Amino acid sequence: MCNKKVTKKVITDGLINNHFSNNYQPIYSADNNLLNGVEVLLRFNSPSLGYISPDCFISCAEEENLINDLFFFSTNQALIDLKNNHKLKKISINISPSTLMIPDFYCWLHDKCKDNFISNDNVTLEITENVEYFETEVFLENINKLRMLGFGLSIDDFGTGYASLSKLKNIPFTELKIDRTFVKHAKKNNIDRKIIEHLVSLTHNLGLKVVAEGIEDVETYNMMKEIGVDLCQGYFFHRPVPINKLINNVIDG
Ligand code: C2E
Ligand code: CA
Ligand code: CA
């Protein structure tokens, strides 16, 4: 729930005055507990409104056509952080479908990675299952070219949207992230556990990796490993933190 009045001006002022920054949340391999990469999560501290959660500013940025500006800001910074800290290994970036509607967007990302000496396969784009875009020409061209260039493509928040598997099969996804609402309840709710088991086996049959996000305790972590998810993320391991904390507490800590 968003209780702050975020406007176009608040976001543009925030961008001009550098009040946005990236946080990073570690993602671990389930089989050996090693860091596999980090998810980039944008933060906004507005001098006038204080801390504003992404749920508030992302929806306003979408409505005011500023979401691409936020994407470029956040991605430029994340690529520099990855270039300077190879131990981060990989970055996963949240991308709105509207950014994938920019003609030749794939060239921009490819060139940016090249400029920063980053291999494309160390960058994954997390896309929510927003079917209305999935059949448009520009979107599909970007997606297919990105995949051909080696970028990872992840279906985010899987299970909360309306995408049917038959729609998803047209997109060359490499990974599926099970929404944290299923993960959260799996420990107590056998139906959620069964849904996750089913998703994992189906996703593996399609050759995709599975990420469980929102793991908050050891019981859930053990259950996810038992079910066979590939990658794990959540407050049980680490909350999202700025780059200096990530380096000190997670990478070198
Ligand atoms: P998301 O992509 O599902 O990101 C994961 C969210 O789960 C993050 O919330 C993270 O802080 C939270 N989280 C991680 N582990 C746990 C856990 O164990 N328990 C619980 N309860 N939550 C956990 P955050 O940072 O508030 O971001 C919310 C959403 O805003 C993100 O959801 C993503 O959809 C969007 N978002 C954030 N940054 C960006 C961005 O740069 N671009 C776009 N397009 N969307 C963004
Ligand atoms: Ca995400
Ligand atoms: Ca998610």
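Whatever order the structure lists ligands and atoms in, that order sets their numbers, starting from 1. It should be emphasised that the depicted structure is a prediction, and the values quoted were computed from it without experimental measurement. All residue numbers refer to positions in the sequence shown, counting from 1.
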Exercise for review: State yes or no: are the ring centers of Phe237 and Tyr28 separated by less than 6.0 Å?
Suggested key: yes

Point to revise | the Ca ion (ligand 2): angle it makes with OE2 (Glu39) and OD1 (Asn94), nearest 10 degrees | key: 90°

Check your understanding: Does the pair Glu39 and Lys177 meet the rule for a salt bridge (charged side-chain N to carboxylate O under 4.0 Å, His left out), with working shown?
Key -> CA-CA 12 Å; Glu39 179 174 359; Lys177 282 186 106 160; 2.9 Å; yes

Tell me, please: is [X] in heavy-atom contact with ligand 1, that is, under 4.0 Å?
{"X": "Asp156", "value": "yes"}
{"X": "Ser53", "value": "no"}
{"X": "Arg43", "value": "yes"}
{"X": "Gln233", "value": "no"}

Practice item. Using ring pair (Phe, Tyr, Trp, His ring centres under 6.0 Å) as the criterion, point out the one residue from Phe151, Phe71, Phe139 that pairs with Phe105. Key: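 With Phe105 as partner, Phe151, Phe71, Phe139 yield a single ring pair (Phe, Tyr, Trp, His ring centres under 6.0 Å), made by Phe71.
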
Check your understanding: Which protein atoms of type N, O or S are found under 3.0 Å from the Ca ion (ligand 3)?
Key -> Asp156 OD1, Asp157 OD1, Glu213 OE1, Glu213 OE2

Practice item. Provide the full list of disulfide (SG to SG under 2.5 Å) pairs with a residue in residues 189-219, sequence neighbours left out, each pair given once. Key: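 As it turns out, there is no disulfide (SG to SG under 2.5 Å) pair with a partner in residues 189-219 once direct neighbours are skipped.
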
Check your understanding: Would you call Asp115 and Lys83 a salt bridge, taking side-chain N to carboxylate O under 4.0 Å as the test?
Key ->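 Judged by the 4.0 Å cut-off on N to carboxylate O distance, Asp115 and Lys83 do not form a salt bridge.
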
Point to revise | Per-atom contacts, ligand 1 versus Glu213 - under 4.0 Å to a heavy atom | key: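 With Glu213 as reference, the close atoms of ligand 1 come out as 3 (O).
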
Practice item. Measure the distance from atom 7 (O) of ligand 1 to every protein heavy atom, then report the residue, atom name and distance (to 0.1 Å) of the closest one. Key: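 Here the nearest protein heavy atom works out to Arg180 NH1, 3.1 Å.
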
**Study point:** Shortest protein contact, atom 31 (C) of ligand 1 (heavy atom only)
**Key:**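 Answer, as residue, atom name and distance: Leu41 CD2, 4.2 Å.
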
